[in-house]
Amino acid sequence: MKVVAIANQKGGVGKTTTAVNLAAALAKRGKRVLLVDTDSQANATSALGVEADSSQSLYQALIGEKLLEDLIVETGRKNLWLVPSHMDLSGVEVELTQSGTHMSCLRDALEGIRKADAFDFVFLDTPPSLGVLMTAALCACDEVLTPMQCEFLSLDGLSKILYVMQQIREGGANPKLVHEGVLMTMYNNTKLANEVISQVEQNLPKKMYKTVIPRSVRVGEAPSFGKTVLEHDPYNPAALAYGNAAREFLQRHRK
């Protein structure tokens, strides 16, 4: 079982969209996938049509009230499960910092699931910040997949997440943490977008996904129906691209 954090400290880069749709695409390919929503905005939760519930969210696991495995809910999709989030999670950072468990809380919560080995992949949809919950996710995962918008400001976000990962490795909190790759999102065929892709390819040639996710209105529409874009418009270019990204993800994880 691999635990993969979908992480980029910059907001608006397609992080939750990637977490939800990549998880769904892998589930369609027969992989058993658990998506853990670690963002208090609960966007991944609502995108899958699950209602946020303060009594059934990641918050309970992080403060030790419930086991993470007892918080797993069905999404109505074969092979895809969810640990929901709730706005209560927004206050957990202070509690975790005061208790001194902010680095290990999510890793400890995932221990039972790791031992059970009931899933092929666990995806952590992370918040758009470098706060406690993002740090907890980076300490808990095996590897990081970074969605990156095809704009120059996103290069700064990429460099920051790579720097934080290095600090976590060198500090001993997660010495085996790996940067799995970069998935370019919200692509339009413009000179700027192509220049950004070229720059990332030059600096991280082995990390770049060949698949590029195009910008699409249908991607933004899908969550309002509680659907993935693969369900909302299966033949949309973005839906097909996430299917290709899932295929590439599996190829990269063949051992």
Side-chain angles (χ1 to χ4, degrees), residues 1-27 31-53 56-59 61-62 68 71-75 77 79-90 92-93 105-107 109-110 113 119-149 157 161 164-165 177 179-183 185-186 213 219-220 222-223 226-230 242 245-246 249:
M1 185 186 87
K2 284 281 186 183
V3 178
V4 184
I6 310 297
N8 188 333
Q9 61 85 31
K10 190 177 185 301
V13 299
K15 190 163 58 270
T16 295
T17 298
T18 294
V20 169
N21 287 287
L22 185 58
L26 289 169
K31 300 300 178 183
R32 293 171 61 86
V33 184
L34 173 65
L35 177 59
V36 181
D37 190 349
T38 74
D39 188 354
S40 62
Q41 297 178 84
N43 289 333
T45 299
S46 60
L48 289 174
V50 176
E51 186 174 351
D53 182 348
Q56 186 78 14
S57 81
L58 179 63
Y59 176 82
L62 294 183
L68 188 69
L71 298 169
I72 297 172
V73 300
E74 295 185 356
T75 66
R77 300 160 178 87
N79 296 323
L80 180 60
W81 291 265
L82 171 73
V83 173
S85 181
H86 186 270
M87 63 183 299
D88 286 354
L89 201 59
S90 61
V92 79
E93 297 201 5
C105 59
L106 186 53
R107 180 176 62 225
L110 285 166
I113 290 174
F119 302 99
D120 296 301
F121 299 102
V122 175
F123 284 138
L124 309 177
D125 180 38
T126 61
S129 72
L130 291 175
V132 169
L133 291 171
M134 171 70 88
T135 302
L138 296 179
C139 291
C141 69
D142 300 308
E143 57 190 42
V144 174
L145 173 60
T146 306
M148 181 176 160
Q149 190 175 1
I161 197 71
V164 173
M165 288 175 60
L177 180 61
H179 188 224
E180 197 281 324
V182 178
L183 179 65
T185 64
M186 303 182 190
I213 310 300
V219 173
K227 294 182 177 182
T228 67
V229 71
L230 287 77
Y242 273 114
F249 179 89

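Of all the heavy atoms in Val144 and His179, the pair that sits closest is O-CD2, 3.4 Å. Minimum interatomic distance between Gly157 and Gln9 (heavy atoms only, all atoms of both residues): CA-NE2, 3.2 Å. Shortest non-hydrogen contact noted between Leu80 and Ala24 is CD2-CA, 4.1 Å. Here the shortest heavy-atom pairing between Thr126 and Asn8 reads OG1-N, 4.3 Å. For Leu68 against Ala109, the heavy-atom pair with the smallest separation is CB-O, 3.4 Å. Looking at every heavy atom in both residues, Leu145 comes nearest to Gly181 through CD1-O, 3.4 Å.
Annotation: the span from Ile213 atom CD1 to Met186 atom CE amounts to 11.0 Å, rounded to 0.5 Å. From Ile6, atom CD1 reaches atom CG of Leu35 across 8.5 Å, with rounding to the nearest 0.5 Å. Interatomic distance, Met1 CE to Asp142 CG, rounded to the nearest 0.5 Å: 7.0 Å. Note that CD of Glu51 is 12.5 Å distant from CD of Gln56, once rounded to the nearest 0.5 Å. We find the CD-CG distance between Glu180 and Leu177 to be 12.0 Å, quoted to the nearest 0.5 Å. Rounding to the nearest 0.5 Å gives a distance of 10.0 Å between OG1 of Thr146 and NZ of Lys15.
Side-chain atoms of Leu106 and Leu124, non-hydrogen and from C-beta on, do get closer than 4.5 Å to each other. A heavy-atom distance below 4.5 Å is not found between the side chains of Asp37 and Val50. In this structure, the side chains of Leu22 and Val4 stay at 4.5 Å or more apart for every pair of heavy atoms. Within the 4.5 Å cutoff, side-chain heavy atoms of Leu62 are placed close to those of Leu89. You'll find the side chain of Val33 stays beyond 4.5 Å of the side chain of Asn79, heavy atoms only. Between Leu34 and Ile113, the closest side-chain pair of non-hydrogen atoms falls below 4.5 Å. Side-chain atoms of Leu110 and Val3, non-hydrogen and from C-beta on, do get closer than 4.5 Å to each other. In this structure, Ser57 and Leu71 have side chains that are not in contact, with every pair of non-hydrogen atoms separated by 4.5 Å or more.
Put simply, the side chain of Thr75 never gets that close to the backbone of Trp81: no donor and acceptor are under 3.5 Å apart. Here the side chain of Lys2 pairs no donor or acceptor atom with the backbone of Glu143 at under 3.5 angstrom.
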- request: Verify side-chain hydrogen bond (donor to acceptor under 3.5 Å, both in side chains) between Asn43 and Thr16, making sure each step is shown before the conclusion.
  value: CA-CA 7 Å; Asn43 289 333; Thr16 295; 5.0 Å; no
message = I'd like to know whether Leu58 forms a side chain to side chain contact (heavy atoms under 4.5 Å, CB included) with Val36, so could you lay out the CA-CA distance, the side-chain angles of the two residues, the decisive distance to 0.1 Å, and finally the verdict.
response = CA-CA 8 Å; Leu58 179 63; Val36 181; 4.1 Å; yes
Show the numbers, then the answer: is there a side-chain hydrogen bond (donor to acceptor under 3.5 Å, both in side chains) between Ser85 and Asp39?
CA-CA 7 Å; Ser85 181; Asp39 188 354; over 6 Å; no
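Judged as a ring-ring contact (aromatic ring centres under 6.0 Å, His included), and not counting sequence neighbours, the contacts of Phe123 are Phe249.
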Anything under 3.5 Å between a donor and an acceptor, one on a side chain of residues 131-139, the other on a protein residue two or more places apart or in another chain? List them.
from: Thr135; atom 1: OG1; to: Gly131; atom 2: O; distance (Å): 3.0

